[in-house]
Protein chains: 4
Amino acid sequence: MTAFTDTDPQHVDPSPGRGRPRDPNLDAAILHAALEGLIEHGYDRLSMDEIAVRAQVGKGAVYRRWPSKAELVVDAIVMWRLARSPVAVPDTGSLRGDFDAALEAMPDMDEADGAMFAVLLGLLTAASRDSELTAALDANLLELARSTIRDVLERAVRRGEIEPGRDLSLVPDMMIGLNLLRIVAGQPIDREFFRRVIDDLVLPVLLGPDQTTTPSKRE
Amino acid sequence: MTAFTDTDPQHVDPSPGRGRPRDPNLDAAILHAALEGLIEHGYDRLSMDEIAVRAQVGKGAVYRRWPSKAELVVDAIVMWRLARSPVAVPDTGSLRGDFDAALEAMPDMDEADGAMFAVLLGLLTAASRDSELTAALDANLLELARSTIRDVLERAVRRGEIEPGRDLSLVPDMMIGLNLLRIVAGQPIDREFFRRVIDDLVLPVLLGPDQTTTPSKRE
Amino acid sequence: MTAFTDTDPQHVDPSPGRGRPRDPNLDAAILHAALEGLIEHGYDRLSMDEIAVRAQVGKGAVYRRWPSKAELVVDAIVMWRLARSPVAVPDTGSLRGDFDAALEAMPDMDEADGAMFAVLLGLLTAASRDSELTAALDANLLELARSTIRDVLERAVRRGEIEPGRDLSLVPDMMIGLNLLRIVAGQPIDREFFRRVIDDLVLPVLLGPDQTTTPSKRE
Amino acid sequence: MTAFTDTDPQHVDPSPGRGRPRDPNLDAAILHAALEGLIEHGYDRLSMDEIAVRAQVGKGAVYRRWPSKAELVVDAIVMWRLARSPVAVPDTGSLRGDFDAALEAMPDMDEADGAMFAVLLGLLTAASRDSELTAALDANLLELARSTIRDVLERAVRRGEIEPGRDLSLVPDMMIGLNLLRIVAGQPIDREFFRRVIDDLVLPVLLGPDQTTTPSKRE
DNA sequence: AGCTAATCGAGACGGTACGTCGAGTCTTCTC
DNA sequence: GAGAAGACTCGACGTACCGTCTCGATTAGCT
């Protein structure tokens with residue numbers, strides 16, 4: 001189940017010599033069919049038969065590439081995610097500037113994106129029983145967001161805007177977690193919300209005094 | 001589909017008088033059977049037939065009360081949540097004291113709880129297409145956690161520990177969101193983690209200087 | 001299961017003293033409802049719930065009178081049968097005259113009758129696993145027809161039209177069997193057919209020479 | 001619903017190139033499983049699930065071939081009937097000799113056959129609402145018996161044993177009808193009964209004087 | 001009049017079968 | 001060999017029906 005960690009969605013091409021080679025167009029066709037179905041029906045109501053029909057492909061071709069519906073759908077979402085954003089935030093010279101730049105670069109959510117978020121959540125949770133799937137999603141989606149934020153923070157530390165000793169490891173997760181909650185509650189993730197997160201939570205944490213000098217009692 | 005918003009899990013009693021009334025014991029029996037099955041197998045592998053057999057009940061009795069597996073399971077989880085904790089945090093006289101008390105009152109997660117969280121999350125996702133279901137889960141589970149935290153914060157404001165003008169509306173969601181993320185990632189929610197959230201994020205935000213006096217530029 | 005042999009469809013009225021007496025109107029209402037449903041849907045598709053609703057009666061009232069759907073339907077058909085024909089063939093003074101009279105007295109089959117025959121057959125066959133039910137149908141429906149024919153034959157024997165020693169026991173069954181076959185094959189039972197049966201089969205058998213003097217070899 | 005009239009029980013093979021062809025072994029396996037269950041439990045108590053399990057087949061494979069339980073069972077009975085007897089009666093040189101030969105060739109009814117007859121009858125009834133089904137049963141079962149008897153009669157006419165002008169069309173139906181009645185009444189169809197039918201009814205009709213010269217009055 | 005008991009309509013109950021649908025595998029023929 | 005097509009097993013789904021049971025509300029006879 002190494003599918004998710006590969007940048008390339010398709011799996012090993014075992015013996016490149018003998019026989020008819022796989023049609024590379026089919027990978028994309030299947031992923032797009034999965035994505036469309038996902039947006040229309042959600043994970044549960046999406047059937048592999050429908051994906052195959054949509055992609056004008058036999059079910060064999062699908063299962064030759066992905067071992068299960070769950071994993072196909074994960075790859076479909078990863079593809080969607082990768083195609084969506086540059087992810088890299090430019091260095092503007094200041095922490096707040098970086099956040100402002102990120103906000104401005106943030107794409108407007110259209111309807112499909114909203115549906116996609118819902119689906120994504122669905123996947124995360126459907127995956128919660130399957131540790132490999134969870135790990136894969138974590139690596140591909142959550143880590144992607146985490147590292148983007150981490151980059152911004154590290155630059156600020158290097159600039160001296162943030163005290164060097166601070167443990168900032170929870171900050172990215174805080175931001176991601178808040179977004180997750182918005183998705184769960186069915187609320188939109190827009191610039192307005194993001195700005196409040198930055199102003200009311202992130203900047204106070206980063207720029208405020210270090211509270212760890214007077215920690216709560218430990219047992 | 002007003003089922004979820006009722007405190008009482010069973011639905012409308014259409015014409016009270018005519019005909020044999022529903023056996024109220026069955027509601028509980030079915031919910032418990034659903035919960036047991038949920039913990040053992042997870043949402044996908046749980047079958048309505050099994051629930052009926054476990055509860056020593058005909059399938060008709062189940063479908064007379066809940067129109068689908070998903071909605072039954074939602075109610076089962078709501079019941080589980082409600083039965084689990086009073087959630088009220090005692091007033092210790094200080095913000096940090098309240099948090100410490102909450103940490104200590106926090107129940108140890110046993111295996112069933114872990115499974116339950118996973119299931120719960122699974123449900124959130126299954127619900128993401130059904131706005132009523134989402135709303136119900138939100139109202140019953142998320143709001144419950146939110147209000148608990150809000151109480152603690154409001155007490156601190158009244159005591160003068162937190163500056164009165166601060167917008168604290170995001171703080172509860174921040175804490176909940178971080179937990180959600182842990183669940184998604186399959187990591188445990190233990191006291192250690194919670195303490196870090198409080199020390200590294202919550203207290204700095206609450207007790208630090210108000211950053212909103214120098215907000216990021218607004219377009 | 002003495003239901004079928006009673007002229008009166010309802011069963012024993014055990015203790016005529018205490019308690020509210022059964023509403024005698026319901027017997028007929030239920031039987032008619034059963035009959036209507038039978039004609040509309042056939043035996044299999046007819047449900048006890050529907051009968052109860054049609055008769056504006058609780059299911060309890062039905063099962064208080066008949067122990068099962070099969071037996072209710074049998075009684076419904078017996079009722080229909082009894083209400084339909086005088087059955088007695090007048091003595092015209094000659095065998096052929098009696099048959100002619102029977103033919104003329106024979107009611108025209110309307111559409112409902114056709115459906116009824118089909119249902120009747122259905123019942124006969126549905127009953128074939130239940131010996132008591134079979135016996136009841138036999139006694140109530142087949143024997144009714146048998147005895148009518150037997151009367152005509154016995155009169156002819158007394159008149160001397162038929163040789164006294166002949167074994168005529170198969171003749172009624174022959175006539176009934178031919179009708180049964182018509183029903184099975186979905187063909188109408190009309191006067192034309194009946195006349196052919198009488199002319200081509202019954203009269204030759206009754207009036208022809210006794211073949212039993214030269215029987216086929218017995219092993 | 002042309003299934004029943006086909007000699008071959010399975011239905012149309014829609015496009016005989018594309019896709020995996022239906023496994024022809026399954027047709028037989030399912031039919032035999034149906035037959036076994038039919039004999040053991042009768043029509044009502046026979047379940048499609050049991051048939052599928054017995055045949056080691058998924059329910060899908062059953063419903064892909066037959067649209068309902070009733071129609072599967074009809075085909076199962078047709079198969080049973082076809083496999084049972086060559087039905088041809090040898091030419092012994094005389095009418096009575098032919099009948100004697102038929103009697104001797106007549107297989108002893110074992111228990112399964114008795115059950116089968118009952119089931120068969122049950123099917124006729126279930127079929128009585130569905131004219132196509134009725135027609136199919138007629139063609140496959142009744143006509144088979146009719147033609148066998150007709151052969152014997154035609155030979156006798158050719159030999160001159162029976163007057164050439166006689167309308168003998170009712171004779172086969174008379175014999176079949178009597179058997180049908182026996183089945184309905186739950187009585188055995190044995191050689192003794194059959195001999196009485198031949199001696200007391202069939203031979204008198206065939207060899208006696210033609211009564212049609214003095215028919216009953218026509219209106 | 002009160003008491004007892006069986007009735008009534010209504011509808012919930014356990015159980016069981018129905019016919020459908022989905023996941024993942026296998027098998028045919030064609031390219 | 002890969003490709004489309006579609007049959008295969010397995011198992012859950014939600015529905016419908018049977019025959020029973022349980023409500024509150026009648027409706028009699030008996031005290």
Side-chain angles (χ1 to χ4, degrees), chain A residues 14-15 17-23 26 44-50 52-53 55-64 66-70, chain B residues 14-23 26 44-50 52-53 55-69, chain C residues 13-23 26 44-50 52-53 55-64 66-70, chain D residues 14-23 26 44-50 52-53 55-69:
Chain A
S15 53
R18 309 289 276 182
R20 171 176 176 176
R22 286 197 190 160
D23 184 341
L26 295 193
D44 304 349
R45 304 247 166 135
L46 171 66
S47 76
M48 289 301 254
D49 289 81
E50 188 193 329
V53 168
Q56 291 179 285
V57 143
K59 278 210 295 181
V62 178
Y63 278 100
R64 214 170 285 124
W66 291 274
S68 75
K69 173 180 160 183
Chain B
S15 53
R18 315 300 286 171
R20 175 178 178 174
R22 293 202 183 151
D23 185 341
L26 295 194
D44 304 349
R45 305 250 164 134
L46 171 65
S47 78
M48 291 301 255
D49 289 81
E50 188 194 328
V53 169
Q56 293 180 281
V57 142
K59 274 211 289 182
V62 179
Y63 280 101
R64 213 171 287 123
R65 288 169 170 76
W66 290 276
S68 74
K69 176 178 156 184
Chain C
D13 203 359
S15 53
R18 307 289 272 192
R20 172 176 176 174
R22 287 195 188 159
D23 184 342
L26 296 193
D44 304 349
R45 304 247 166 135
L46 171 67
S47 77
M48 289 302 254
D49 289 80
E50 188 193 329
V53 169
Q56 290 179 286
V57 143
K59 278 211 294 181
V62 178
Y63 279 100
R64 215 171 286 125
W66 290 273
S68 74
K69 174 180 159 183
Chain D
S15 54
R18 315 298 285 170
R20 175 177 177 174
R22 292 202 184 150
D23 185 340
L26 295 193
D44 303 349
R45 306 250 164 134
L46 171 66
S47 79
M48 291 300 256
D49 289 80
E50 188 193 328
V53 168
Q56 291 180 283
V57 142
K59 274 210 289 182
V62 178
Y63 280 100
R64 211 171 288 124
R65 289 169 169 76
W66 291 275
S68 74
K69 177 178 156 184

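By convention in this document, chain letters (A, B, ...) are assigned in the order of the sequence lines, proteins followed by strands, and residues within each chain are numbered from 1. Values below: all heavy atoms of this structure, side chains included; hydrogens, waters and symmetry mates excluded.
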Seminar exercise, completed: For G58(D) and A52(D) the tightest heavy-atom approach is C-CB, 4.2 Å

For this session: State, to 0.1 Å, how close R64(D) and R22(D) come at their nearest heavy-atom pair, and which atoms those are.
Result: O-NH2, 3.3 Å

Problem set entry | Protein-nucleotide distance (D23(B), atom CG; dG14(E), atom P), rounded to Å | 8 Å

Exercise. Between L46(C) and K69(C), what is the shortest heavy-atom contact and its length?
Worked result: O-NZ, 2.7 Å

Problem set entry | Exercise: identify the closest heavy-atom pair between M48(B) and V62(B) | CE-CG1, 3.7 Å

Exercise. Partners of K59(C) by salt bridge (Lys or Arg N to Asp or Glu O under 4.0 Å), sequence neighbours excluded?
Worked result: D49(C)

For this session: Nearest-nucleotide wise, let me know which of A52(C) and G58(B) is further upstream toward the 5' end of DNA chain E.
Result: A52(C)

Exercise. How does protein reach along nucleotides 13-20 of chain F, written 5' to 3' as B (base within reach of a heavy atom under 4.0 Å), S (only sugar-phosphate), or - (no contact)?
Worked result: SBB-SSBB

For this session: To the nearest Å, give me how far apart CD (Q56(C)) and P (dG9(E)) are.
Result: 9 Å

Problem set entry | Residues that Q56(B) engages under side-chain hydrogen bond (donor to acceptor under 3.5 Å, both in side chains), provided they are two or more places apart | none

Exercise. Are OP1 or OP2 of dC13(E) and a side-chain N or O of R65(B) less than 4.0 angstrom apart?
Worked result: yes

For this session: Report the distance from atom CG of L26(A) to atom C1' of dA2(F), rounded to the nearest whole Å.
Result: 9 Å

